[in-house]
Structures are given as structure tokens and as C-alpha cells.
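One structure is given below, encoded as C-alpha cells.
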Amino acid sequence: MEKTMNLTLRVWRQKNRLSVGKFETYQLSDISEDSSFLEMLDILSEQLVADGHEPVAFDHDCREGICGMCSMTINGMPHGPEQGTTACQLHMRHFHDGQTITIEPWRAKPFPVLKDLIVDRTPMDKIIQAGGFITGRAGSAVDANAMPIDKQTADYAMDAAACIGCGACVAACPNASAMLFTAAKVSHMNSLPQGKAEKDRRSLAMVTTMDGEGFGGCTNIGECEAACPKGIPLDMIAQLNRDYAVAQVKNFFQPVL
Amino acid sequence: MALSGLVLVLFVLGHMLGNLQIFLGADVINAYAYKLHHLLPASALWGIRLFLLGTVTVHIWTAISLTLDNRKARPQGYDVKKSLQSSYGARTMRMSGIIVLAFILFHIAHYTARVVPSMEYGDASVLSPNEVPLVKHGHAVVKEGEPIMTFNVNDMMVDGFQVWWVSAFYIIATGLLCLHLSHGFSSMFQSVGLRNTLWRKRLDCLAVLYAWVIFLGFAVIPVACLAGILKEDPSGGLPGPVAAITETLHK
Amino acid sequence: MNLDSKIPEGPLSEKWSSHKFKMKLVNPANRRKYHVIVVGSGLAGGAAAASLAEQGYNVSCFCYQDSPRRAHSIAAQGGINAAKNYQNDGDSVQRLFYDTVKGGDYRAREANVYRLAEVSADIIDQCVAQGVPFAREYGGYLANRSFGGAQVSRTFYARGQTGQQLLLGAYSALSKQIGLGKVKMYNRHEMLDVVKVDGHAKGIIVRNMVSGEVSRHASDCVVMATGGYGNVFFLSTNAQGCNVTAAHRAYKRGAGMANPCYTQIHPTCIPVHGDKQSKLTLMSESLRNDGRVWAPMDKEAAKKIREGKLNPNDVPEEERDYFLERKYPSFGNLAPRDISSRAAKEACDDGRGVATTGLGVFLDFRDAIKRDGKHTIEERYGNLFDMYQCITGDNPYETPMMIFPAVHYTMGGLWVDYNLESTIPGMFVGGEANFSDHGANRLGASALMQGLADGYFVLPYTVGNYLGEQGVAAAGQVTTDHPAFAEVEADVKGRIDKLLTINGTESPRSFHKRLGHIMWEKCGMSRTEAGLKEAIQEIQALRKEFWGNVKVVGDADSINPELERAGRVADFLEFGEILCRDALMREESCGGHFRAEHQTDDGEAMRDDEKYAFVGVWGYEGEDAEPALHKEPLVYENIKLATRSYK
């Protein structure tokens, strides 16, 4: 038989971007341990709606850990206590009966709260728009096998490209830095031969945009890596630093931007 | 931050190796101090001092500006926040840095400017003798018939570290420096991008090793002083009394 | 309703190239005078928006997520097909074309499918150029695998994240254009209606999901890439936000809805655990390469397993029914999706299902682990096994996985001609939202192919052709001041107000769940005339109840997930009925549509090519009128219709 649990939830409620938020406490009973964390929030929503209250607004979509939409800090940990897991893939069996769970939105200046647990993450899109692409106009490509790429490089690029852009790295970082996010995209594209032509430009433009959006700086402490549901390693930040430094030096002698 | 850190990392290693010469005898440490002061002209010495002070300033300034920027990046903090994997050393860089800074100021006042009350070692009434002959290979070095005198560093250190709270502060500060380095050393490589998955593990180990070496290398001196292993040596390390040898040389 | 498919003349293999040559071109200097709206930012929408902007058109792109990178194309795991023949195993455009038509149970339009196969190779080139990190061999060339019942290895993949990587490729191209100012991106905006001016689609009405503001957007044409309608079943592998609203609104403005009954049920999903479940999780089909599907032969044993009194590992070999291997010896566990799904359902209907609900069969890796070693299996499927364990708490290395079919993809959608233009002139439809390429069943790894084919290589040509035909004098002439916009906007606002003022007692989610239950029970894997008739009545009653008793809390001026859901459920409640009507009309079994009345003696689907070789297109006839059925006959000139057999 499935096991159930009773829970106390402390949830951040905030009407909109401009209003002041606060924690509300809710009691939930008979939550199945097979439910996902977001299904538990669905049950809370139904309970609130039945009482005529507005449900807790939270971002979610695919519920299979790939779209990167879900974003909440659970008991002080982005995406909750399970490593390598998004909030939507977190299951209630990792909690216990009688537990108090505190749920907060991502906290960072570039991520203003829009409502309850929903934040605005468009600054991450802006970082990509600044240089997170390899220009390849549709129709202009050569045959896919014209340029062999050694497996090690392809695998490394894939490791980097696994980033789902959820922002947990920013949420976990004590400095609200977006270095891991930026580094993942830079590492993905700068390491591939196709991406070499725009490498310096990309590194400079993305870092400049990242700083401009108000993210904090990196202090190399590695919280981002631990919070990342896709296991993007800290070493990619080293690559970003390296590529950025090289680009800066080149830019000094011959502007690339 | 990384570049200033690199200078300071190398400096503490050199400083530690220099200090450890105290175990080779009073003559060696005193000769080392003499060399530091006289190998280069005074202006160059001040140049190096200013460079080091400048590096420290840059290091602090970048730390402050980074901290302020980072605080701005999260105006509203979490109600509950757990650390996931960051090391204690990494999380406490500011605390360890500030205390180490306080220590550096004390340390300069104590042993360089020698102005700490009741420890004004420049004053012969506090440290006696405060000048001893420069000794090389067991002989005093004589220039133009006169033995070259140098500051009695050995006795100053032994005297200083026999004050228990000075030693305690010194050991705690080097302990915090060890903590600071355990993150800073490998972080330096990360910041300039000289790290990958393989070297990250190696550098992290190296950082811990380096930090411990620095800590033990510095802390062993006050411990040895307190334990009586290192003693004052008014002769400056000469096998016999200064006067006698001086006379012999005169003949 | 004019269902002229506009298939170009000439031999199949020359249709697309000769059509491209005959199309109108727009002078590069004039392109910036045109404005194109793209709704949706998945593979089809994102790629189309980026490509049109690259050509020089001004594009506005809309998505309901907080970023275009989150469209549900991202969730496709397995791979993307392309007729590259890099494996030298006999693949060709012709073979991919043939496989797709056959896989679609001969209910797709030949010319469209051939074009899809033709451009498939260009897609791979394009994606590699964008930096999509496809799997590679040690020699540095691209790796392939065989997938979803194909007998050649033509599937390109990027670990289990192919959809994500392809979407990120399109997203990066789109992002570049956003950065350059050629695309204006509207995140968190939901399209609520389409605006027609003189019969042509000239704009849309959207709701800003953050501020609640309803706004008008005018353009020279509209491209819809709004995905499928699988969520009409409530539980599906679709994302929570996937909906039929945009397509259904277009239908109500005159676009034909084609073949809605063709819904694909994916055989390898994690079984349902309880009534609070919100979504079903797909396990990649690749698992069937090594896993063996079975159910206990004995009902008693199945009961004991359900109750936890019997460990499935203790069921002896001779008491296991490897039903796919038994029924389809030549394809075995790799039989196509519709066939595998139905076989699993049969076993469960027979009382031999496992999982606590009785709705599950085993996918067992015991023999594969014995044969290849745990390490090899871990290398192949490690991430999938971890995902399974994360969700169910069971370790699939030790106890067999349990799977059950779930709604996954919808082949039906808005009717489009060869140019992907719907029956509303100026409204183009790409990707899963249209009906064009998969017939009655989609083959594995073909959805990504179709989305990108439409987005990169078809729409940029056909949209340009339409704009060229309209002439540069018409560019930008329609503005939001046109009375048609005010009219539609008033409709949209009125509907929102209505939803908010009913103030009943039942939540939108509850209605959605009830609708899903009707759909799954009566219009799911197996459909009957009586069941469908009941379903239509029940849906009508539920719809009535909804409009009298739905409770939508919150207001219209801020983020309101209840209001969003209510609007989508309201459309599903109308659309579900059309789906059932289509299923009722189609008196045959083909692909994803299985009518229990039409099966062979051994339970296989029985097509009726005499009567039903047509596309069933539904036209809106008014709020209380039944929709009208229109037919586009399917003419097969190059492929001989045959019974699909995987025995």
C-alpha cells in the first residue's frame, strides 16, 4: 500500500512584482509518497481553490525535468534535496510525515518575482541573444559529415549543452551569479569547430551582457554545480574564464567586438 | 583578485621559507635579514614593500568591490538557505581575510616597525642586545676592520613569541591563512581558466597541501619558542663571545 | 470548404524543386516591409521565425512559456530521422518516404511525405552547423541508430536529449535574430484568437499572462506552430501547458480541422500511480531494443503481483507471456507504437496487468543484463533507469520495469495544403499542429524531422510565396485599427469575463480531469460506436456543466493559472467532441485509431481503403451546430496500398 504523509508548507506569497511578499503557512494531509513535489502543490492549489483562495502560482511545464521551467527553492535548496533533479522530478518519498517544507522563489536581482514562486528569467535569454549562437543561416550548411569532430569534443559539447536554463545555479550562488549558465553555453559552442569563428566575440559579448544584467560575480565556491539538475561541472566556468581572458587580450590589440 | 592572490601566495611561501631559517641558527636568520635589507638599495627595498602593500590593497579592494556587487545581486535573501557543497574555507573567505588583514597590520607593527607597546624591539632597553655581528660560516663578517652589525632578529622572534597571546594570535592567524589558501590557491587557477576536470582534483589537493605546509611552516616557530626549543642568542650565533673574536681579528 | 491540396504537377521526386522554382519571390529590399506573426517557439515555430527573420522579414514570435527555449519539442528523447544513408545500409529518400507512408497506415498525403524525406538530410546539415552535439563515432563522424521499428539505421541522436538539443539549436538561431531586432519575442503571451481581414489571416489577439492585458497584433500573415492536443486526455506525456486553444480558435474562424481522431498512444510510459497524478512520463522507446515486454500468463499470478505478494522475478519462464514476441515474431519487442500499445492493453483487459492499478506490463532487462552485463546496459540506458527509479522508487536493474501506454502525440491537426497553408488564406500551420505528414500513426523520431522540415525548409519558402502573391503594395497595410480587431478583441475579453463571473463550485482542473476520463475510456486506445456516442453526449453535458458551474478564482489582471486553465479546458471541451465525432465517422481501424468493430479475427486493425482513404476535415458551422465533414481524397500514385503487417 502506498504511504501517505501530513505536511506543513511555508510558501512565499507575493501578489505581483511591486508588492511586498510574505510567507503563508498551509497544512496538507494524506499526500502520497509517490506524488511528485509539483503534484503536491497541485493538491494544495485545489484545496485553496475550494476555499475560494488563489492557488500558489509557480512555473512548471513539461514535468519531466527537461524544459527548465520549474523553479523553486525547497528548504533552502534550489529544486530541493535530491541531487541532479528538478523540482518536477522530485518525489514526496524524499520527505517525511510531519515535516515543515519552506518554499521560496529564486532570489536574485535580475530575477524579479512576478507572482508567488514565479520569477522573470528573461535576463538569461538576453545572455544567449548576445552571443549564445553559432551563425548558420538555414540553407547554408555543408554536409554534416564534412567536418569530423572527435568523440571527446562532441561528448564535452554535449555535457555542456545539457543545461536546461532553469536558473538554479543563480539561485544557489550566494552571489546570484550566472556564470555556470553562461559557461555552459560558451563551453558548448566554443569547443566545437563550428563555433570557433565567433569564439572571442561570443565570450566577450555574453560576459558583458551577463554583468550588465546585474548578476553577481563568481567566487568559485561551487554551489551552482551542486544545485545544477543536469550536473554541469564547475570546470566549464574555468573554460569561460580562459576563453574570456584570451578574448580580452586579443581585443586589446585588435578589437573583436 | 587571482593575480594579486598569486603574488601573495608566492610571498607567503618565500616568507615562510625565510622564517624557517631560524631553525638553522641565529646566525643564519640574522644573515638572512641582513641580506634582505642590504642586497638591494634602500629604494628598491621600499619598492618591493610598496609593491606588496599595493598587492594587498588591490586584493582587498577587489574583494570589497566583488562583495558589494554580489550583495547587490541579491537584495532579498532566502529565509532558509542550505550550503550544498562549498567548503567551509570558501564560505568564510571574508572572515578569514579580515582577520588575516588585522594580523598583518599587527605583524608589521610588531616585527617591522617595532612599535607595539612594551615590544619596541628597536629600543636596546627592550631587546638586548638589539644588534649583533653578522656571522658567516661561523665567523663574524668584517668590513673596513669593523664587524658588520645587524639587527638581532633571532632574539626578537624568540622574545616576541614567548608572549603567549602573541603566539596564540600568530597561530590562529596562520590557521585562518591556511583556510583562506585552501580555497584561494585553487580558485586562483579557476579564475584564470587554468583548470579542467582532471586538474581540478589535482589542484584542489595541492591547495589543501599548500595551505597545510604554510600553516605548519609558520606555526612551528612560535610553538618552538614557547616550548623552549628556540632560544635567545645574544651572540648572534657566533661560537664564542663577540669581543674575544673581535680582538683576535684586530691582531 | 476548399480543400485544394495544391500538390504540384510532375513526378514525385521533382514536385518540390519545380514548385520552389515556380514560387513568387520577394525582393530582399522589400522583405523588411512585411511583418509575419509566428505563434509558438518550438521546433517548427522557432525555426520558422528564425529563418524568416534571416531572410529579412520582420517577425513577431509568441509563446506561453517564459522563454522560447522551453517549448515542448524539448522533451523528445529518441532522435531524428534523416535519409542520409551514412550507414550504407540501403536507406534513401525513397525508403524514408515509403516507411513513413506505411508507418502512417496509408493515410498521409504522398507529396508532403516525399518532401519531408527529401529535406530530412538538409536538417541534419543545418543542425550540425548550428552546433547541435549529435552523437559521434570515434572517427568523428555522426553516429546513427535504428529506432522505432525501422530496418535501417537512420536516426541521429544526442544522448536521450535530441529534442532538447534541436530545440536549443533553433532557439539559438532565433535568439540571434531577437538580439538583432529582427524578431520581437513575446514570452508569456497566449494567443486567444485569430483576426481575419477580407478572409485572410491578418493578426491575432493575445493575452499577456503576466499583466493580463489583452492586445492586438497585426501582420501580413500568421504562422501557427502551436503543437498537439494530447492534453485533451488530461493525462498525457505532453507538457502541462500544451493546449488546443490556438488551433481550435482558428478552427472556429474557418480553418479546417483534419483527422483529429488520429492520436498516438506511446507504449512505454510509466504507469499511473493514483488519481492525483498530473502527467505521464515517457520512457524512451529505445528501451525496447533490449527490454522484453511480458505479462504473466496466469491471472492469479498477476493479481498476486499487483498485491505485492509475488515478486515478478519469481515468475518462471514458462509462465511469462512475451506477448509482442509471440504475436509479432519478426519485429518482436520493436513492433510499432500503435501495435505494441494495443497488445499491452489487451493483456491488461484480460486481467493480466500488473502495477497497483492493474494497468501495466513488464519491460524486463533480466535477459539483457545476463547477456551483455549490467555495465553495458547501464551505459546504454543508465539515465533512463535513473529516471525510472527517481519516479517510481524501484530499481529496474533488479526488478522489471513496469510500463503502460499513454497519449503522446497527435497526428491530426489543422488541415493544410502542400504549402502548409490552412483553409484560411494567409494562415500557415507547421509542426504537430498541422495534420500533414504522419497519416494515422507517426513513426519514432519523425516528429522532430517534421517540425524542423516545416520550420527551416518549407515555411520560409511558402510564406514568401504568399507574401509575394499579395504584392508589396499590400505589405503592412492592415493595422490593429481595423474594425475586425476590435470585434475579435471584444469576443476574447467577453469570454474571459464570462469565465471569471460564473463563480460556480468546481475547479477547471476537475473538469479537465473528468473530460480526460471520458476521452481515455471511450476514445482512447480502442473505440466503439456505442462508446463514442456516449462520449459525445457526456462531453456535451460536461461542457454545459462547465459553463454553469466552473469556479475561476483570481482576477484577469495578473498571473492567473486558474484562468489560463479554464480557457484551455473550455476549448478542450469543444474540441474533444470533434475528436469523438471524427472517431465515430471513421468506420475503420488505422494507425492510432482503432475501432473495435473493425478488426481481423486475431485482433489486428482492419483498414477500409475503399471508403476511408480520405482526410476527414471538420468545418465549424456555428456555436450550436454540428461541425460539417469535408473530405480530401488521398490519391496514391507511387505507393501501393497494402495491409500493414509486422508479423
Side-chain angles (χ1 to χ4, degrees), chain A residues 2 15-16 32 34-35 38-39 42-43 46 49 52-55 57 59-64 66-69 85 89 91 93 114-115 118 120-122 124-125 128-130 132-138 140-145 148-151 154 157-158 161-162 165 188-189 192 194-195, chain C residues 47 50-51 54 65-67 69-70 72 74-75 84 86 124-126 128-131 133 135-142 158-159 161 164-165 168 172-173 175-176 178-179 187 210 239-241 273-274 276-279 281-282 390-391 393 456-457 460 507 509 551 553-554 558-559 561-562:
Chain A
E2 63 172 14
K15 176 95 184 117
N16 56 41
S32 161
D34 288 333
S35 284
L38 300 192
E39 281 163 4
D42 289 342
I43 296 167
E46 288 297 283
V49 170
H53 301 300
E54 275 197 61
D59 264 333
H60 64 107
D61 204 22
C62 77
R63 297 211 178 185
E64 48 189 277
I66 195 77
C67 77
M69 190 101 171
T85 307
Q89 292 284 73
H91 281 66
R93 68 180 70 90
L114 297 177
K115 182 168 190 169
I118 296 180
D120 181 5
R121 283 171 288 186
T122 39
M124 294 170 86
D125 283 331
I128 301 293
Q129 286 156 18
F133 46 78
I134 294 174
T135 301
R137 178 186 291 267
S140 63
V142 294
D143 185 87
N145 262 351
I149 300 173
D150 65 285
K151 192 174 184 318
M158 182 62 229
H188 163 205
M189 294 186 160
L192 289 171
Q194 303 93 301
Chain C
S51 305
E54 281 167 3
Q65 298 90 344
D66 74 330
S67 161
R69 68 179 295 154
R70 310 211 194 277
H72 197 56
I74 206 165
K84 278 285 196 188
Y86 281 159
I124 302 303
D125 300 343
Q126 169 65 16
V128 167
Q130 284 173 339
R136 286 180 184 264
E137 292 159 356
Y138 279 102
Y141 292 117
L142 291 160
R159 301 224 176 112
Q161 303 154 23
Q164 181 199 19
Q165 294 312 319
L168 292 182
S172 67
S175 291
K176 177 173 183 187
I178 297 170
N187 300 332
V210 176
Q240 296 294 295
H273 66 73
K276 298 287 194 290
Q277 192 156 350
S278 61
K279 105 148 241 157
T281 304
L282 177 78
C390 163
I391 292 169
Y456 285 129
F457 298 112
S507 71
R509 182 194 301 271
K551 177 182 191 174
V553 297
S558 65
I559 296 179
E562 291 295 296

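Note that the structure is predicted; figures quoted are calculated from it, not measured.
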message = Among A:Asp125, A:Thr122, A:Ile128, which residue satisfies the side-chain contact (heavy atoms from CB on, under 4.5 Å) criterion with C:Ser67?
response =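 Testing each of A:Asp125, A:Thr122, A:Ile128 against C:Ser67, the sole residue satisfying side-chain contact (heavy atoms from CB on, under 4.5 Å) is A:Asp125.
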Qualifying residue, where the test is side-chain contact (heavy atoms from CB on, under 4.5 Å) with C:Lys276 and the options are A:Ile43, A:Asp34, A:Asp42 =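 It is A:Ile43; the other options fail the test.
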request  = Quick one: pull up CG in A:Asp150 and OH in C:Tyr138 and give me the separation to the nearest 0.5 Å.
outcome  =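 Result: 10.5 Å between the selected atoms.
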inquiry  = Distance check, rounded to the nearest 0.5 Å: A:Met69 atom CE versus C:Arg70 atom CZ?
reply    =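 Separation between the atoms: 7.0 Å.
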Which heavy atom in [X] sits nearest to a heavy atom in [Y], and how many Å separate them?
X: C:Tyr456; Y: A:Ala138; value: CD2-CB, 4.0 Å
X: A:Gly165; Y: C:Arg69; value: N-NH2, 3.5 Å
X: C:Arg136; Y: A:Ala154; value: CD-CB, 3.7 Å
X: C:Ser558; Y: A:Lys15; value: OG-NZ, 3.9 Å
X: C:Pro133; Y: A:Ala161; value: CG-CB, 3.9 Å
X: A:Thr85; Y: C:Cys390; value: CG2-SG, 4.3 Å

At a heavy-atom distance under 4.5 Å, which candidate from [options] has the highest pair count against chain A?
options: C:Val210, C:Ile178, C:Thr281; answer: C:Ile178
options: C:Ala47, C:Pro460, C:Gly393, C:Gly241; answer: C:Gly393
options: C:Ala158, C:Ser172, C:Gly554; answer: C:Ser172
options: C:Leu142, C:Ile391, C:Leu282, C:Leu168; answer: C:Ile391

Where does [X] contact chain A at under 4.5 Å (heavy atoms): side chain, backbone, both or neither?
X: C:Gln126; answer: both
X: C:Gln65; answer: both
X: C:Glu54; answer: both
X: C:Gln164; answer: side chain
X: C:Ile124; answer: both
X: C:Asp66; answer: both

ask   = Just wondering, do C:His72 and A:Cys67 contact through their side chains at under 4.5 Å, heavy atoms?
value =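 No. Closest side-chain heavy atoms not under 4.5 Å.
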ask   = Does a side-chain heavy-atom distance below 4.5 Å link C:His273 with A:His91?
value =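 Result no, sub-4.5 Å side-chain heavy-atom pair not found.
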With chain C as the partner, which of [options] has the greatest number of non-hydrogen pairs under 4.5 Å?
options: A:Leu38, A:Asp59, A:Leu192, A:Asn16; result: A:Asp59
options: A:His53, A:Glu54, A:Gln89, A:Arg121; result: A:Arg121
options: A:Ile66, A:Ile134, A:Asp61; result: A:Asp61
options: A:Asp120, A:Leu114, A:Asp143; result: A:Asp143
options: A:Arg63, A:Glu64, A:Lys115, A:Met189; result: A:Arg63
options: A:His188, A:Met124, A:Lys151; result: A:Lys151

task = Under the ring-ring contact (aromatic ring centres under 6.0 Å, His included) rule, collect the residues that match up with A:His60, sequence neighbours excluded.
result =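 Applying ring-ring contact (aromatic ring centres under 6.0 Å, His included) to A:His60 gives A:Phe58.
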Using non-hydrogen atoms only, which part of [X] is less than 4.5 Å away from chain C: side chain, backbone, both, or neither?
X: A:Arg93; answer: side chain
X: A:Gln194; answer: side chain
X: A:Val142; answer: backbone

task = Say whether C:Ser507 and A:Glu46, considering side chains only, have a donor N or O and an acceptor N or O under 3.5 Å apart.
result =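 There is such a pair between these side chains.
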key: Main-chain N/O of A:Thr135 paired to C:Lys176 side chain as donor or acceptor, under 3.5 Å   =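 Checking the backbone N and O of A:Thr135 against the side chain of C:Lys176, no donor-acceptor pair under 3.5 Å is found.
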query = Can any side-chain N or O of A:Glu39 pair as donor or acceptor with the backbone N or O of C:Ser278 at less than 3.5 Å?
reply =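 Checked: pair present.
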